[in-house]
Protein chains: 2
Amino acid sequence: MRGNFPGAPKSKATIADVARTAGVSTATAGRVLGGYGYTSEKKREQVLKAAQDLGYRPNSLARSLITGKTRTLGVVAGDIQNPFYASVLRGISNVAEANGFGLLITNSDETQLKEVHSVELLAQKQVDGLIVTPSDTRKARHLHNLRTVGVPLVLIDRAVAGLMVDRVATDNIAAAEHAVRQLIAAGHRRIAIVAELVDEGSGGLDTFLARAVAGDPIETDTLYPSWQRLLGYIRAHRIEGLPVDQRLILQAGSYSALAAQAVVPRLMIASDPPTALFTTDGTMSEGAMRALTELKLSIPQDLSIICFDDLDWMSFHRPGITTVAQPRLAMGEAAARMLLERIRGEDYPPRTVLMPAELIERGSVARL
Amino acid sequence: MRGNFPGAPKSKATIADVARTAGVSTATAGRVLGGYGYTSEKKREQVLKAAQDLGYRPNSLARSLITGKTRTLGVVAGDIQNPFYASVLRGISNVAEANGFGLLITNSDETQLKEVHSVELLAQKQVDGLIVTPSDTRKARHLHNLRTVGVPLVLIDRAVAGLMVDRVATDNIAAAEHAVRQLIAAGHRRIAIVAELVDEGSGGLDTFLARAVAGDPIETDTLYPSWQRLLGYIRAHRIEGLPVDQRLILQAGSYSALAAQAVVPRLMIASDPPTALFTTDGTMSEGAMRALTELKLSIPQDLSIICFDDLDWMSFHRPGITTVAQPRLAMGEAAARMLLERIRGEDYPPRTVLMPAELIERGSVARL
DNA sequence: CTCATATGTGAGAACGTTCTCGTTATGCAC
DNA sequence: GTGCATAACGAGAACGTTCTCACATATGAG
């Protein structure tokens, strides 16, 4: 019953076993099986036959140990379950698979501790390259160390101060600016924004606002995406000559739909409520929608909304939700491609790919 | 600038390097670094110091080659991007991480060819165990082979005929039966069902229906989930003494929201349209919702609906969508735990864990 | 025929660990 | 002291590949 049809692996056959039954040396067996060096047609067939009979399956561990390459990429994502990461991962997976690479995936839950663990694990497993969405844009000793060891690294979605490596992200500032300007063009004057805006010693919302509103130069690259999108929001106001009302900036404080949901109601019961809402990512969007549903507010009659990140439900929600669509799949693919280039040894200076986002207009913004 | 602070890996330090600078043999260095065998406190500190200075990082490849264990699980999922798989993967990831295991993830896109490739890749990388959602419940030579080689295997969501291995799935029949009976209890008599029902030589819908309606015994384990859920639908009708109208069974024919979307409209323009709709999974639900939105049908006034699989938007959709929630995360966790037990060598007979689904009642079904 | 080049083959080292085994140190009872 | 277990350590094999090298044979040019 077990393994008695041809081609079925009996147990574990090594190259030495194959060589023995084929009557050749392990060297020649290795050559035909590994596809390197010269081999005569005759021995080739003998070896192939023997391998087939024994159900030989190469052990990539041994191969990798000697070649120094594992044909495996490591990815540390925030949370596979999150649609953003799920899509990015799919993009990475697509090009990895097309190039015969495996994918070692971990979650950081946006925490530095787990990220460090993950990177360590992946490094020990000798991945050929790493794709990371860094949880901290300032201190990242573990990522710097990676560079000195020579493991190629590509960042997604966020940058790290002082870490000059390939990076792919959405052009958050431009995308947010464009979306908010659309709201303004539709006649909205009081536009709220709900963003996580976690504050990692970056000086706090007040100072940031002061500088942004004044138009002071800001180092934008190492900003977290939600801050970048807030910046776009502010710039839109500046350009259109509108004041920024800090009471309209809802700081969720953490990357969870619940936090977003909790922060919205307080806004709508204010004396001078907004006529439009801008959310800065999928998670915030979900939280905001939950809150609006609870408040029984109608879109866009009671409140217009533009979201960030195009989630499945936005297209069949009634009304359709106007949103800024990030090319998530393409971002993953681009990151993986860049990483593979580095692994192949190509030696450009570090590249930053800012991908354009697309504003998909549906029915969630009213003209005033 | 590069690696000149303590603890930073200079390049690649091996155990031999550490041993040399610590003035001990590679054997003792290995003992303290690997945490096996006896070591004196004095040499322990010497070695640890040396390892720290050199930035030593163990090479798990070499370790795995000799121990025969990689501490890595392989997963072949249908599509990481799909919320069902994304959650299951997160569950697997949780227990893998808690046990110090890595995760090698691939997509099969529900196709046998890619599944075979994936399994081959993962086997070559010497994963300690495999979790698979098999794309074909009948022929699966590659999975049988796996068993003869001795790689532990756990199936999720679907079984394979004749393959006696651990398995975790939702109790689809009971869940669907319960949901449909709820609809009937609410007064619905004409209930449509939209399911993928891909037909892998299983005799087709007609024969299946004939047997199911007659109450003939059916081998349910190796049925695809959508067929199981259809069976639950039929049983609910039988129990409640209602006839099954084949025209109300919408066969999408493939696992995509588009296919589901395409198949719904034809139903609603029929002479005797249903008053309720039951969808058999998240993807079908999405497609159906898209179609209903296009048709401008109001839920639950024009049509009641119960979905399968609790997607994010169902809770904040207006009205809330009543749905059968599968414990996706828990399924992944259970599968991973079972796999780890097998890897540890525990030798039960093959177990099948059927997890109960929960009917979450929201506002999408009207009482007639 | 001779030399050069290309093709084919095998023995054995190498990759970086863990494991086996033999040897030496240490401690303790008598 | 002796005896004897146990602790501590090192030399070298092993894991399953690829790589290096030396060598054998074939092919072609002159």
Side-chain angles (χ1 to χ4, degrees), chain A residues 9-48 50-51 54-72 121 123-128 149-150, chain B residues 9-48 50-51 54-72 121 123-128 149-150:
Chain A
K10 306 299 183 289
S11 56
K12 306 230 173 185
T14 75
I15 269 198
D17 298 330
V18 173
R20 200 173 314 117
T21 79
V24 300
S25 71
T26 71
T28 40
R31 271 187 282 259
V32 4
L33 261 15
Y36 52 91
Y38 296 112
T39 48
S40 69
E41 191 55 32
K42 185 179 152 223
K43 305 232 166 184
R44 234 185 80 80
E45 281 170 11
Q46 289 175 29
V47 170
L48 254 25
L54 295 179
Y56 169 75
R57 173 146 43 204
N59 181 332
S60 7
L61 254 47
R63 174 176 300 171
S64 296
L65 183 57
I66 189 166
T67 61
K69 278 104 177 45
T70 53
R71 293 192 80 80
T72 305
L121 177 78
Q124 291 191 7
K125 290 198 187 296
Q126 311 293 120
V127 293
D128 291 337
V149 164
Chain B
K10 306 299 183 287
S11 56
K12 306 231 174 186
T14 74
I15 269 198
D17 298 330
V18 174
R20 199 174 314 116
T21 78
V24 299
S25 70
T26 71
T28 40
R31 272 187 281 260
V32 2
L33 260 16
Y36 51 90
Y38 296 111
T39 49
S40 69
E41 191 55 31
K42 185 177 152 226
K43 303 230 167 183
R44 234 185 81 82
E45 281 169 11
Q46 289 176 31
V47 170
L48 255 25
L54 295 179
Y56 169 75
R57 174 148 41 206
N59 182 333
S60 7
L61 254 48
R63 174 176 299 171
S64 295
L65 182 58
I66 189 166
T67 61
K69 277 105 178 42
T70 52
R71 293 193 82 80
T72 305
L121 177 79
Q124 290 191 8
K125 290 198 186 297
Q126 311 294 120
V127 293
D128 290 338
V149 164

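Values reported hereafter were calculated over all heavy atoms of this structure, with side chains retained and with hydrogens, waters and symmetry mates removed.
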Original post:
Sequence neighbours excluded, which residues qualify as side-chain hydrogen bond (donor to acceptor under 3.5 Å, both in side chains) partners of A:S60?
Top reply: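 Checked A:S60 against side-chain hydrogen bond (donor to acceptor under 3.5 Å, both in side chains); zero matches.
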Original post:
What residues form a side-chain hydrogen bond (donor to acceptor under 3.5 Å, both in side chains) with B:N59, not counting sequence neighbours?
Top reply: none
So, using side-chain contact (heavy atoms from CB on, under 4.5 Å) as the criterion, who are the partners of [X] when residues are at least two apart?
| X | answer |
| --- | --- |
| B:T14 | B:A16, B:D17 |
| B:E45 | B:E41 |
| A:L121 | A:T106, A:K125 |
| B:R31 | B:A27, B:T28, B:Y36, B:T39 |

Original post:
Rounded to the nearest 0.5 Å, what separation is found between the CD atom of B:Q46 and the OG atom of B:S40?
Top reply: 7.5 Å
**OP:** Identify, between B:K43 and B:I66, the residue whose nearest nucleotide on DNA chain D lies closer to the 5' end.
**Re:**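 The residue closer to the strand's 5' end, by nearest nucleotide, is B:K43.
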Subject >> Sugar-phosphate, base or nothing in reach of B:T39, heavy atoms under 4.0 Å >> reply: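 Sugar-phosphate contact only - B:T39 comes under 4.0 Å of backbone atoms but never of a base.
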**OP:** Check every strand shown and say whether B:S60 touches a base, only sugar-phosphate, or nothing at a heavy-atom separation below 4.0 Å.
**Re:** nothing
Subject >> Nucleotide D:dA8, atom P - distance to OH of B:Y36 in whole Å >> reply: 16 Å
Subject >> Length of the line joining B:Q46:CD and D:dA8:C1', which is rounded to integer Å >> reply: 13 Å
Original post:
Nucleotide range of DNA chain C contacted by chain A, 5' to 3', under 4.0 Å to a heavy atom?
Top reply: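 First and last nucleotides in contact are C:dT7 to C:dG16.
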Original post:
Does B:Y38 put a side-chain nitrogen or oxygen below 4.0 Å from OP1 or OP2 of D:dA7?
Top reply: yes
Original post:
Please, which pairs that meet salt bridge (charged side-chain N to carboxylate O under 4.0 Å, His left out) have at least one residue in residues 58-68 of chain A, sequence neighbours excluded?
Top reply: none
Original post:
Tell me, do A:L33 and A:L48 make a side-chain contact under 4.5 Å, heavy atoms counted?
Top reply: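 Counting from C-beta outward, A:L33 and A:L48 do come under 4.5 Å.
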Original post:
Using a heavy-atom distance cut-off of less than 4.0 Å, which residues of residues 22-29 of chain A contact DNA chain C?
Top reply: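 The stretch gives A:V24, A:S25, A:A27, A:T28 as the residues lying under 4.0 Å from the strand, ordered by number.
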**OP:** For the helix from C:dC1-D:dG30 to C:dC30-D:dG1, measure the angle between the helix axis at one end and the axis at the other, each built from five pairs, rounding to 10°.
**Re:**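 The angle separating the two end axes equals 40°.
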